[in-house]
Amino acid sequence: MYRELQQQLTEAVRKILKTSWEIEIGELVMEQPPELSMGEFALPVAFELARKVRKAPRLIATELVEKLRAELPPETGFAAFEAAGAGYINVRIERARLARTLALETPSRHKAGGPHILVEHTSINPNKAAHVGHLRNAILGDTLVRILRATGHRVGVQNYIDNTGVQVADVVVGFLHLEGKSPQEIDALIESCEALGVQAREERFDYICWRLYARVSQWYEEGTEEQQRLRKSLRYETLHAIEMGEVETALVADRISTAVLRLHLLTMQRLGITYDFLPRESEILHLKFWDRAFALLKESGVLYYETSGKNTGCWVMTRPGGGSATEEPDEDAKVIVRSNGTVTYVGKDIAYHLWKFGLLGADFGYRKFFEYPDHTCWISSMTGESEHPNFGGAGAIYNVIDARQSDPQANVVQALREMGHAESADHYTHFSYEMVALTPRCAAELGYHVGEEDRSRAYIEVSGRKGFGVKADDLLDKLTAATLKETDARQPERSGAERTKIAEQIAIGALRYFMLKFTRSSVIAFDFKDALSFEGETGPYVQYAAVRARNIFRKSGISPEQALDAFSTMDLVQALQSADDLWAIWLRAARRDPMLEATIQSAEPATLARYCFQLAQEFNNFYHKHHILTEENEARRTLLLATAAVALRELTTLLQWMGIEVPEAM
RNA sequence: GGGCGAGUAGCUCAAUUGGAUAGAGCAACGGCCUUCUAAGCCGUAGGUUACAGGUUCGAUCCCUGUCUCGCCUACCA
């Protein structure tokens, strides 16, 4: 109904402009007045007209107000129009009417269907434990998935696994050559780690790999020049063997990366994050995706063979905005196939993205890999099961990848466009975000040596190679321990299991909200002090508001649904019209869907987080000001209960979109 | 050198994409628990939106220039 009112208003203004001044306006700007008391909509249109009509904005506004009153009489749902400020037109609506439709709103308003959207997120190299940076990625991605699904889209979730890359190779080198383990010993280690379970943090396989990866990276830099040369060549031989597949080194790599991958899935599952499909680089290589893509790229002329300059002997492609008409070789061109015939990462990525849009003419094999309570996660394989869901052929894609990769991402889009797939290129979104770094203080707390230069910086970049960073499970453990301490103190009458569950829900709420409240372009300078905060603009603050709302109904004797039903049949026109503190909550419910659309439009989940927080603030305000259960006036009590009910409903919905649950108690 | 992003209160961040008095949270100070839970609420203080011009009814936002910081820019992935 909110939408309909906006539309009616827009049309009325257009009509008036047309008939009175013969003016057609492109986009009619509609805003919200700075104060609730000023109304629901604000139109700055008079400012724009001032020049055309050659009159003061305020006069135009006054004139428009007169005409709007005639055009939109009270029975249309509009209550008042007035000229305000230097020439704004403020519009009030009949609050009770809008509130009534909101009270009766059913949760599933969006129809299923629409284009198939593919979201790729997480994509952690399977050679070490996940860290805070990966958490930002996965939480942003998972939230994007949730809000896309909330608007009725069919969404497939993919987690790309680079299981044949240099990072995996490094850990393989570490086990085989630095530690001198046999493949059998590595298998035994993986098995014993799995037997210990994920609770034995430091003995987890991904934690062992974390430490080993740092050691190997250092090992490459140490020793005599001759040793370094040997170690480097060991590294590239290993990488090459892994890429080839089938040989023993490749099998070892596969076992290591698969073991780490399983742990990543468990870590993310703690946060309520799941996947549908895990495409792996090994299949992209061995199913000859690249060969097909290479042929298509050559055919379309996107790739050309460089015969002079520094890239002689390579297949290269012009960068977006690059290239020149001169005879000179384009030194800035992106190398896709090296002079030794091997393909670069961007090349493989182009092949993968052709597959995503169903443009490659080849498909993965699929087999089941991981079971969630409500669905199966599939993984790519050479020979798969005959029955499997369809994961490619998307109409639109979102790649949740940090901002440092915007260059290669742009190359992939460029390739698609030049190959003639403009439609696909237009529906390719690099959902970019800045990294999570550590504050110098946080780094010092973790026991890392912070150099003189770093100490004055705002943040220090994490580095897997240096083993420098905060591991995801360690952070979750810390958060859970902190929330459990509080929960134990606050909820002594509840069982240990109940308290643990509540503490975990709050910990997840804190973490997920923390990662979402920053806009994507903001580097998060991570600090335990901020992340472990449960007051103010945090997830627990919002959860607490919802828990309070629910407590009211626990003691009131009626359910939120009954409260809303009772409200919808009562005449409460006056009560709501003059109560801005209650109306704030109803209006926020009304603006939820437009907000969600804006969130998707701008691909900025921070908008959602903020909206949710503001609603929680408004509810806490309301909660403090009105004592509901002791209210003696029956009608007033109904109004208050219904307001609490709609707040609870909205908070629950918004939190759910962010992957945050409302605990039983706090 | 080139490309992208950022610079807003002591700190961390917002600002409906050009609108009304630039807002929140921390931190500081002062209040509020016999109430549906104080993980809460109220109040005070805190600003030349990096700097200089420009565009217009109107600029934190757009344009130009300058300064500072970060990232990217390899036949690494």
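Proteins get letters first, then strands, A, B, ... in listed order; numbering begins at 1 in each.
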- Query: Without hydrogens or angle criteria, can the side chains of A:Y544 and A:N620 be said to hold a donor-acceptor pair below 3.5 Å?
  - Reply: no
- Mind telling me if B:C33 is syn or anti? Syn here is a glycosidic angle within 90° of 0.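 Syn conformation for B:C33.
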- Message: Between B:A20 and A:N90, counting only base atoms on the nucleotide and side-chain atoms on the residue, is there a donor-acceptor pair under 3.5 Å?
- Response: yes
Base, sugar-phosphate, or nothing for [X], non-hydrogen atoms under 4.0 angstrom?
X	answer
A:V547	base
A:N621	sugar-phosphate
A:E535	sugar-phosphate

May I ask you to evaluate whether [X] reaches the phosphate of [N], defined as a side-chain N or O under 4.0 Å from OP1 or OP2?
X	N	answer
A:K334	B:U73	no
A:R319	B:A74	yes
A:R490	B:U37	no
A:R548	B:A38	yes

- Query: Counting side-chain heavy atoms from C-beta on, which of B:C76, B:G70, B:G40 comes nearest to A:Y544?
  - Reply: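 Nearest listed nucleotide: B:G40.
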- Closest to side chain of A:R404, choosing from B:C71, B:U37, B:A77: B:C71
- Message: Using only atom types and a distance under 3.5 Å, with no angle test, would you say the side chain of A:N163 pairs donor to acceptor with the backbone of A:S282?
- Response: yes
- Note on the structure: Atom NZ of A:K52 and atom P of B:C57 are separated, to the nearest Å, by 13 Å
